[in-house]
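Note on naming: letters A, B, ... go to the chains in the order of the sequence lines (proteins, then strands), and numbering restarts at 1 for each one. Treat the numbers as computed from the prediction; the structure is a model and nothing was measured. Side chains included, hydrogens not; waters and symmetry mates left out as well; all remaining heavy atoms used.
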There are 2 protein chains.
Amino acid sequence: MILKSQVEWVLHCCAILSALPENKYLATKDLAEFHGVPKEYLSKALQSLSQAGLLVSTLGPSGGYRLAKSPSDITFLDVIEAVEGNTPTFACTEIRQKNPCRPKGYCEPAPCGIARVMWEADEAWRQSLRAVTLTDLSRMLTEGVPPALLQKSFEWIMART
Amino acid sequence: MILKSQVEWVLHCCAILSALPENKYLATKDLAEFHGVPKEYLSKALQSLSQAGLLVSTLGPSGGYRLAKSPSDITFLDVIEAVEGNTPTFACTEIRQKNPCRPKGYCEPAPCGIARVMWEADEAWRQSLRAVTLTDLSRMLTEGVPPALLQKSFEWIMART
DNA sequence: TCCTTAAGGATAAAGAATATCCTTAATTAT
DNA sequence: ATAATTAAGGATATTCTTTATCCTTAAGGA
Ligand code: FES
Ligand code: FES
């Protein structure tokens, strides 16, 4: 059980977009090149973020994506669920109903205890991811990085907005 | 991203094995029949639990599996990791190293902030699963179930040990 | 000696993740 | 107007994982 590689991609993309000035857009092509990932496939992931209301897109030259809201209003969980969906990581198939001793038509006390434990763990995971915003992300990704590299990267991005 | 169906299977199997008297074994065939799942494939999962030191197996007629230790010493996480492995659910591919502005040979402050957040969430998930033992499981799976059904199921199992 | 069982290897089928290509419509630059 | 650029989305291909079955071997019990 492993998250899609797209999750890493879009989180890094969000970090870039967080640094963009208001009403500036950055194209998929540039985000793909910056991160060394396939443009077409990254595009699918960004479309998901757009549909989830996290990004705003615009067409034509100088088009691309920007954040739909303040970085402080977008959490890791928002981004991850946009790509992975929000279905629980544990799917109960109700195998308890296969119990050969079960009376026909018997109705189990719902939901199964196992599923409850699994869903609680799932919620702990989500809660942890809800607690981190793109603002936190920007801070984390910049600290300890040489100012010269940050500056150069910023200019690389700005040259393409 | 979804857990293997085997996870649900083996957790239910562990609940059954928890109810077994000391030094009694239950065969894969019976566990598979009780839960209505394919015997051969369930067998692979039980082998994993055995290799993880959670179950003890014995051969021949009246052979099968029993718990290797007290139900209170086996957690959900133990069982799940035996089946799913213990690799983190987020795999960082270090795409930050693809940054075109990065000086050749530059060494990033390890690990990436994104990976740290993801691994922390992963740990929250694991912590939640570590807090529940097979003893808790037995209680959860029996409460609210009619005593007659519990009794009948117990007899079904005992008849095959 | 015969039957039952776990262990484990080989293989196949189904599904999900990864990736590419192409068309369409909107927007901008010329 | 025209041409270039871009996101959106459909179709399809490839690879990997999950799910499943089959078969052989060795151990244990009747
Ligand atoms: S029946 Fe699905 S987890 Fe118990
Ligand atoms: S480089 Fe992998 S998560 Fe940042």
Which distance, rounded to the nearest 0.5 Å, do you find between the OG of Ser128(A) and the CG of Asp122(B)?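 Result: 9.5 Å between the selected atoms.
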Starting from the C-alpha separation in whole Å, work towards a yes-or-no answer on salt bridge (charged side-chain N to carboxylate O under 4.0 Å, His left out) for Glu123(B) and Arg116(B). CA-CA 10 Å; Glu123(B) 181 52 30; Arg116(B) 282 206 307 274; over 6 Å; no
Side-chain donor-acceptor contact under 3.5 Å, Gln151(A) with Glu155(A): yes
Which nucleotide in the list dA7(D), dA6(C), dA29(C) gets nearest to the side chain of Pro61(A)? dA29(C)
Take nucleotides 11-22 of chain C nucleotide by nucleotide from the 5' end and write B, S or -, depending on whether a protein heavy atom sits under 4.0 Å from the base, only from the sugar-phosphate, or from neither. ------SBBBBB
Rounding to an integer number of Å, can you tell me how far [X] [atom1] sits from [N] [atom2]?
| X | N | atom1 | atom2 | result |
| --- | --- | --- | --- | --- |
| Lys29(A) | dT5(D) | NZ | P | 9 Å |
| Asn23(B) | dG28(D) | CG | P | 15 Å |
| Leu59(B) | dG8(C) | CG | P | 11 Å |

Please confirm whether the shortest side-chain N or O distance from [X] to OP1 or OP2 of [N] is below 4.0 Å.
| X | N | result |
| --- | --- | --- |
| Ser62(A) | dT5(D) | no |
| Thr58(B) | dA27(D) | no |
| Ser50(B) | dA7(C) | yes |
| Thr28(B) | dA6(C) | yes |

Please give the angle, rounded to 10 degrees, between the axes at the start and the end of the helix from dT1(C)-dA30(D) to dT30(C)-dA1(D), where five pairs define each axis.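 The end-segment axes of the helix from dT1(C)-dA30(D) to dT30(C)-dA1(D) are tilted 10° relative to each other.
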State whether the side chain of Glu8(B) and the backbone N or O of Ala115(A) hold a donor-acceptor pair below 3.5 Å, judged by distance alone. no
Heavy atoms from other residues, nucleotides or ligands near NZ of Lys4(B) exceed 12 (cutoff 6.0 Å): yes
